[in-house]
Amino acid sequence: MSRYDPATLEPKWQSAWEGAGVFAARADPSKPKYYVLEMFPYPSGRIHMGHVRNYTMGDVVARTKAMQGHAVLHPMGWDAFGLPAENAAVERGISPRDWTYRNIADMRAQMKPLGFSIDWSREFATCDPEYYGQQQAMFLDMLKAGLVTRKSAVVNWDPVDMTVLANEQVIDGKGWRSGAPVERRELTQWFFRISDMAGELLDAIDGLKGWPDKVRLMQQNWIGRSRGLQFAFGTVGAPDGFDRLEVYTTRPDTLLGASFAAISPDHPLAKQLERHDPAVAAFVAECRRGGTSEEAIETAEKRGYDTGIRVRHPFDEAWELPVYIANFVLMDYGTGAIFGVPAHDQRDLDFARKYGLPVIQVFRIPEASHDHDRPDSDFATSSWIEIEDRGQWGEDRPTYELYQRIVNVAFVPPKNEEVEYINGFAGIDFQTGEAAIDAAIEACEARGVGRGVTKFRLRDWGLSRQRFWGCPIPVVHCAACGVVPERRENLPVRLPDDPSFERPGNPLDHHPTWATTTCPACNGPARRETDTMDTFVDSSWYFARFTAPHAATPTDPAEAAYWMNVDQYIGGVEHAILHLLYSRFFARAMVATGHLPATAKEPFDALFTQGMVTHEIYQTRDAAGRPVYHLPEEVTRSDAGASLQDGTAVEVIPSAKMSKSKKNVVDPMAIISQFGADCARWFVMSDSPPERDVEWTASGAEAAFKHLSRVWRLADEASRAEGPAMPDDAALARAVARAVADVTTGIEGFAFNKAIAKLYELSNAIARSDAGPDARRAALRIMAQLMSPMVPHLAEEVWAMLGGAGLVAQSPWPVADPSLLVEDSVVLPIQINGKRRAEISVPMAMGAAEIEARVLADETVQRFLDGQVPKKLIVVPGRIVNVVV
RNA sequence: GCGGGUGUGGCGGAAUGGUAGACGCGAAGGUCUCAAACACCUUUUCCGCAAGGAGUGUCGGUUCGAGUCCGACCACCCGCACCA
């Protein structure tokens, strides 16, 4: 071979690894274990650059740890249930099963040429009955353990297709196929009781030392512990059974600023009123239009309906507040009823202005307050809001400022700033934050108004899906016995082979025979549950299954004890909340049901969230002005711009996530055939820090290829070179030691781009060195080892060319000789008043006093001082000197 | 709307509170070549002939010293419970 040729070299080394069984995970008590896992892919059929990046990162970690002497588990599987398979069935008449398994075969075939150090013997798909049967067994265990419940939940309902829609299938409040406005509808559903564990899941976040702070923060906010006051308003004019209205507030200190109460359209009182009042029914029906997502609800126009019912302010029987039904009040949070304080909450203020409700200030707006006094501010110092006199209320009587400054912008007291209460409680003036709220709760409790309670934002995990391509929920419905768990020996409850997607809805529901069964309790006729499980269930324990993928029970105790926890988990930040939270819950549930050791409650010791792979978008317009997108390979890019083959100018839109619809995709297979897998791997690791997005560019890929060719050429030349040792050998050895240290810390700190920059420096150093052939070969062998996690095939080739023993993948990771890392002198920059003016070179060991003398004697320093005597001299050893004049 | 993040040359990015721009791309000039490709060498934040000055999204603060810490803002990206 006379040049770098990945097309022959890569398959050669892949079969060498396979032949030697290098990547089979073997429990070895004599070694520390290391479990590295990348979030497993959905089998869409094609791998994309995001996969290449994700699995290359994991592979770098896995290969490095193996060379550092660990027993490594690095498995791969398929998150194979889900909507796209059903869509393919509807659109193309293919069975979801065939479509999925074909995709898996295709993707596996695309993944293997990338040379990942994966133990393929552990591969499984979540749609394998062997896997989902074990999942059903665990569901039954969790049901028995009280971790599962059934209750009502709201879903998106398409009134034309008569089917439940995923949030993704709701576009602008309309069903994606029918185009009909979506409604919210209640169904009885299965739930995991994750909210019972809210406090535990929240507190345990503190122990997740290996997780990014941002993910821990997101999880904390998602679980959302809040301290507040729950109390009941007495009602006036409410139907029987509703003489009290329970509300929950996190701002009890603003109770004296209340000017209305509002209930959710799903509140029992709203439902009661709806039955007898067509106007209420119409309003509530209107509120139920649109999707169920929190985003849809929170961004919808705020609307209310005055029920005519009044509630009495808890501090004054005579003070009555109107009760509205409001579309922004969520039934799932708190009690489904709130009170509104327009002066200090923007949403409440908008509502108050819309419905002509009073605005009662609780806090005095600080005179010097930031934005509020800007001329363009919505705060108008002269506007006057008339407020009726409410009479005498004793010591808590609200008072009003002579003029009101709150017109269209609510005053939300800033955190960490003291604010004066003008309508507050005795003893809690001049405070904000937790302390004021605790004091307000105490004051209310002392008066017999409610009690302090802790609530969580986290809701139970609804797992029922009205879909075919998921894990069947293993229960039956019996007219005599009710809901009955399926018997163990009947697991797995398999999906039928002959689903029909001819009409909308769940094929399991329509199937002529599948649901028909006998009751496990009474042997009478019964019907299977036709709902299947959320695919998040499948991905909430696959990491545990990888430790014993073919065990006859969900896990094998010995294998789980050896391999768990996952030492390093790697995936997209889009999973930062749901998938990770559900997995944390599931691990606890598996501990509770005996499927995992107690030490595995938190299954992921360390987490890394990687960024996306992006690409420019190339766009032209058709005759009607609609955008037309073009694949990167159709476009010629130059400095001047971009054009098609025929010369048509192309608009270049800045980089965005690769997506088929925008055609800004690069097929990894095309890159592999053009440049090789190592080149793709090197490029995705080299250009950006791994937690950030990386932009795929053709020039970057070519540059990566050039560099790998250069390394190959250096090795080729060195393999044939002859000659004596040279004086530069020692300098090269120092450069190698430096690189060993820097690349190792780079990889261990997930700074792959920096590790690669150091490898560029090392190859430059080798290329420019005048060292002798033996020293060059030694340097290149170590460089091959350092490069091997990123570009394993080229590394093997270089290693072999230069006489390395065995496989580089099985060689021990190099360690730098500390004596070669010590520098004997250092260049100190000299600042004068913080501006860099000069520099001096001093021996590393020089003391501060001598450095000061050398600095003051420096010609440039003298010139800048111009006779002045420095006030102060700051010497940071080995770093910098600052002269303050 | 709520929660989280990001912002540094023409571009991707580097920088324990201590020389801003490592490394790479691109660009310019050169060597080699009949020529090109490849390879190699040099230059490359901006303004300026230079001396020097300016500079890390904006405004303000802390500090001997701020890309880094604090406050306010702007822009963009991600998530929001049935996409995976």
Side-chain angles (χ1 to χ4, degrees), chain A residues 39 41-42 44 79 81-84 153 155-156 164-170 189 212-215 217-218 220-222 224 291-300 302 328 332 346-347 370-371 414 416 457-467 534-536 538-539 572-579 581-582 609 611-612 614 639 654-657 686-689 691-695 697 699-700 702-704 706-707 709-710 713 751 753-754 756-761 764 767 827-831 833-839 871-874 876 878-885:
Chain A
M39 291 179 185
Y42 179 80
S44 61
D79 189 14
F81 277 134
L83 272 180
V155 296
N156 300 305
V164 176
L165 297 178
N167 282 340
E168 187 191 48
Q169 299 170 317
V170 179
Q189 310 254 282
D213 288 344
K214 64 172 175 183
V215 175
L217 194 56
M218 281 191 264
Q220 281 164 355
N221 290 336
W222 187 261
T292 57
S293 76
E294 192 169 313
E295 185 191 6
I297 293 165
E298 290 285 334
T299 54
K302 310 292 180 272
F328 58 84
D332 290 318
Q346 190 59 45
R347 190 180 60 187
H370 357 283
D371 310 333
N416 314 320
R457 204 185 79 96
L458 181 66
R459 311 200 292 259
D460 277 336
W461 171 10
L463 67 110
S464 298
R465 297 291 181 269
Q466 295 69 46
R467 302 190 208 294
D534 179 7
T535 56
F536 271 124
D538 314 334
S539 55
V573 72
E574 66 272 19
H575 295 294
I577 296 175
L578 290 178
H579 162 61
L581 187 61
Y582 290 155
T609 54
M612 298 178 302
T614 65
D639 274 357
S655 223
K657 181 179 184 172
S686 67
D687 242 30
S688 288
E691 67 276 14
R692 238 188 281 173
D693 293 350
V694 63
E695 182 182 27
T697 59
S699 59
E702 281 162 27
K706 277 185 198 173
H707 180 256
S709 302
R710 183 179 188 229
R713 209 167 43 243
N753 55 326
K754 285 186 259 172
I756 284 179
K758 296 298 177 185
L759 284 165
Y760 272 105
E761 286 181 12
N764 286 339
V827 174
L828 279 186
I830 302 169
Q831 294 184 333
N833 287 336
K835 291 268 180 207
R836 182 182 170 280
R837 297 299 184 187
E839 60 183 36
K871 288 200 190 88
K872 203 152 104 179
L873 216 62
I874 293 158
V876 185
R879 274 295 185 185
I880 203 165
V881 179
N882 194 7
V883 183
V884 185
V885 185

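Chain identifiers are assigned alphabetically (A, B, ...) following the order of the sequence lines, protein sequences preceding nucleic acid strands; residue numbering begins at 1 within each chain. The structure presented is a predicted model; accordingly, all values stated were derived computationally and were not measured.
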Asker: Measure CZ/Phe328(A) against C1'/G1(B) and give the value in whole Å, please.
Answerer: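 The distance from CZ of Phe328(A) to C1' of G1(B) comes to 12 Å, rounded to the nearest Å.
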Asker: To the nearest 0.5 Å, what is the distance between CZ (Arg710(A)) and NZ (Lys706(A))?
Answerer: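 Taking CZ in Arg710(A) and NZ in Lys706(A), the distance rounds to 11.5 Å.
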Asker: Can you tell me how far CG of Leu83(A) sits from CD of Glu168(A), rounded to the nearest 0.5 angstrom?
Answerer: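 Reported value, rounded in 0.5 Å steps: 6.5 Å.
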Asker: Rounded to whole angstrom, note down the P distance from G26(B) over to U16(B).
Answerer: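 Result for the P pair: 28 Å, nearest Å.
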Asker: In whole Å, measure the gap between the P atoms of G21(B) and U45(B) for me.
Answerer: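 My reading of the P atoms in G21(B) and U45(B) gives 9 Å.
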Asker: Does Lys835(A) make a side-chain N or O approach to OP1 or OP2 of G18(B) shorter than 4.0 Å?
Answerer: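 False: Lys835(A) side-chain N/O out of range (4.0 Å or more) of G18(B) OP1/OP2.
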Asker: Within the structure shown, what part of the strands sits under 4.0 Å from Asp332(A) by heavy-atom distance: base, sugar-phosphate, or nothing?
Answerer: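 Nothing, no heavy atom under 4.0 Å.
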Asker: NA contact type, Lys758(A), heavy-atom cut-off 4.0 Å: base, sugar-phosphate, or nothing?
Answerer: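 Contact class for Lys758(A): none.
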Asker: For the residue pair Phe536(A) and Tyr582(A), does the interplanar ring angle fall in the parallel (under 30°), tilted (30 to 60°) or perpendicular (over 60°) class?
Answerer: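 Phe536(A) vs Tyr582(A) ring planes: perpendicular.
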Asker: Which letter, B, S or -, goes with each nucleotide of nucleotides 79-84 of chain B from 5' to 3', with contact meaning a protein heavy atom under 4.0 Å?
Answerer: SBBBSB
Asker: Categorize Ile874(A) for me: base, sugar-phosphate, or nothing, with a 4.0 angstrom heavy-atom threshold over every strand shown.
Answerer: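 Answer is base: heavy atoms of Ile874(A) come under 4.0 Å of a base.
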Asker: Heavy atoms, side chains only, cut-off 4.5 Å: are Val694(A) and Asn753(A) in contact?
Answerer: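 Not in contact.
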Asker: Sticking with atom P, work out how far A27(B) lies from A35(B), rounded to a whole angstrom.
Answerer: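 Nearest-Å result for A27(B) against A35(B) at atom P: 22 Å.
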Asker: When you measure from the side chain of Asn882(A) to the backbone of Gly834(A), do you find a donor-acceptor pair of N or O atoms at a distance under 3.5 Å?
Answerer: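 It does hold such a pair.
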Asker: Please state how far atom CZ in Arg710(A) lies from atom C1' in C38(B), giving the value in whole angstrom units.
Answerer: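 Roughly 13 Å, once rounded to whole Å.
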Asker: Between Val573(A) and Met218(A), is any pair of side-chain heavy atoms under 4.5 Å apart?
Answerer: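 They are in contact (side-chain heavy atoms under 4.5 Å apart), so the answer is yes.
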Asker: For G53(B), does the glycosidic angle fall within 90° of 0 (syn) or outside that (anti)?
Answerer: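 With its glycosidic angle more than 90° from zero, G53(B) counts as anti.
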Asker: So, taking the atom named CG in Asp332(A) and the one named CD in Glu294(A), what distance separates them when rounded to the nearest 0.5 Å?
Answerer: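 Going from the CG atom of Asp332(A) to the CD atom of Glu294(A) covers 9.0 Å.
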Asker: For Asn764(A) and U42(B), what is the distance between atoms CG and C1' respectively, to the nearest whole Å?
Answerer: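 Going from CG in Asn764(A) over to C1' in U42(B) covers 14 Å.
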Asker: For a quick check of understanding: with a heavy-atom distance under 4.0 Å over all strands, which category does Thr299(A) fall into, base, sugar-phosphate or nothing?
Answerer: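 The answer is base, as Thr299(A) lies within the cut-off (heavy atoms under 4.0 Å) of a base atom.
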Asker: Starting at the 5' end of RNA chain B and moving along, which residue's nearest nucleotide shows up first, Ile756(A) or Asn833(A)?
Answerer: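 Nearest nucleotide further toward 5': that of Ile756(A).
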Asker: Might you confirm whether atom NZ of Lys214(A) has over 12 heavy atoms from other residues, nucleotides or ligands at distances under 6.0 Å?
Answerer: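 Counting neighbours around NZ of Lys214(A), more than 12 heavy atoms of other residues, nucleotides or ligands fall under 6.0 Å, so yes.
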Asker: How far does the C1' atom of U33(B) sit from the matching atom of C40(B), given to the nearest Å?
Answerer: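 The same atom, C1', in both gives a distance of 13 Å.
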Asker: Using the side chain to side chain donor-acceptor pair (under 3.5 Å) rule, take Ser688(A) and Asp693(A) through it: C-alpha gap first, then chi angles, then the decisive distance, then the call.
Answerer: CA-CA 7 Å; Ser688(A) 288; Asp693(A) 293 350; over 6 Å; no
Asker: Between A14(B) and C23(B), how far is it from one P atom to the other, in whole Å?
Answerer: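 Going atom to atom, P in each nucleotide, I get 14 Å.
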Asker: What's Glu761(A) touching, base or sugar-phosphate or nothing? Going by heavy atoms closer than 4.0 Å.
Answerer: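 Touches sugar-phosphate only.
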Asker: What stems show up for RNA chain B when you take Watson-Crick pairs (N1-N3 plus N6-O4 or O6-N4) and G-U wobbles (N1-O2, O6-N3), both under 3.5 Å, and require three or more consecutive pairs?
Answerer: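 Stem segments, range with range: B:1-7 with B:74-80, B:10-12 with B:23-25, B:26-31 with B:39-44, B:45-47 with B:52-54, B:57-61 with B:69-73.
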Asker: Flag the pair Asn833(A) / Val884(A) as yes when at least one side-chain heavy-atom distance between them is below 4.5 Å, and no otherwise.
Answerer: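 The answer is yes; the side chains approach within 4.5 Å.
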Asker: Reading RNA chain B from 5' onward, which residue's closest nucleotide shows up sooner: Asn882(A) or Val694(A)?
Answerer: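 Nearest nucleotide further toward 5': that of Val694(A).
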Asker: From CZ of Arg836(A) over to P of G55(B), roughly how many Å is that when rounded to an integer?
Answerer: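 Rounded to whole Å, this separation is 17 Å.
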Asker: Using a heavy-atom cut-off of 4.0 Å across all strands, would you classify Lys754(A) as base, sugar-phosphate, or nothing?
Answerer: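 Sugar-phosphate, no base atom in range.
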Asker: Taking only side-chain N and O atoms of Arg837(A), does any of them lie within less than 4.0 angstrom of OP1 or OP2 on G53(B)?
Answerer: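 Answer yes for this pair, as a side-chain N or O of Arg837(A) is under 4.0 Å from OP1 or OP2.
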Asker: Using the C1' atom in both, what is the distance from G67(B) to A22(B), to the nearest Å?
Answerer: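 Comparing C1' positions in G67(B) and A22(B) gives a spacing of 15 Å.
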Asker: Looking only at the side chain of Glu298(A) (C-beta and beyond, no hydrogens), which of the listed nucleotides G1(B), G5(B), U16(B) gets closest?
Answerer: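 Between G1(B), G5(B), U16(B), the one nearest the side chain of Glu298(A) would be G1(B).
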Asker: Sticking with atom P, work out how far G61(B) lies from A81(B), rounded to a whole angstrom.
Answerer: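 Between the two P atoms, the distance is 43 Å.
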Asker: To the nearest angstrom, how far is Leu828(A) atom CG from G18(B) atom P?
Answerer: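 After rounding, the reported distance stands at 14 Å.
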Asker: Does A14(B) have OP1 or OP2 under 4.0 Å away from a side-chain N or O of Asn753(A)?
Answerer: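 Yes, Asn753(A) has a side-chain N/O under 4.0 Å of OP1/OP2 on A14(B).
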Asker: Atom CE of Met218(A) to atom P of G5(B): distance rounded to whole Å?
Answerer: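 Interatomic distance, CE of Met218(A) to P of G5(B): 7 Å.
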Asker: Is any side-chain N or O of Arg692(A) closer than 4.0 Å to OP1 or OP2 of A14(B)?
Answerer: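 For A14(B), OP1/OP2 do have a side-chain N/O of Arg692(A) under 4.0 Å.
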Asker: If you measure from the P atom in U8(B) to the same atom in G4(B), how many Å do you get, rounded?
Answerer: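 So the two P atoms sit 22 Å from each other.
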Asker: Under 3.5 Å, side chain of Arg465(A) to main-chain N/O of Asp534(A), donor-acceptor pair present?
Answerer: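 Looks like no, no N/O pair under 3.5 Å.
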Asker: Measuring from the side chain of Tyr760(A) (C-beta onward, heavy atoms only), which nucleotide among U19(B), C64(B), G24(B) has the closest atom?
Answerer: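 So the side chain of Tyr760(A) is nearest to G24(B).
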Asker: Under a 4.5 Å cut-off applied to non-hydrogen side-chain atoms, are Asp79(A) and Asp538(A) in contact?
Answerer: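 Yes, their side chains come closer than 4.5 Å.
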Asker: I need the CD-C1' distance between Glu839(A) and A20(B), as an integer number of Å.
Answerer: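 Nearest whole value for this atom pair: 15 Å.
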Asker: For the pair made of CD in Glu702(A) and P in G12(B), what is the distance, rounded to whole Å?
Answerer: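 After rounding, the reported distance stands at 19 Å.
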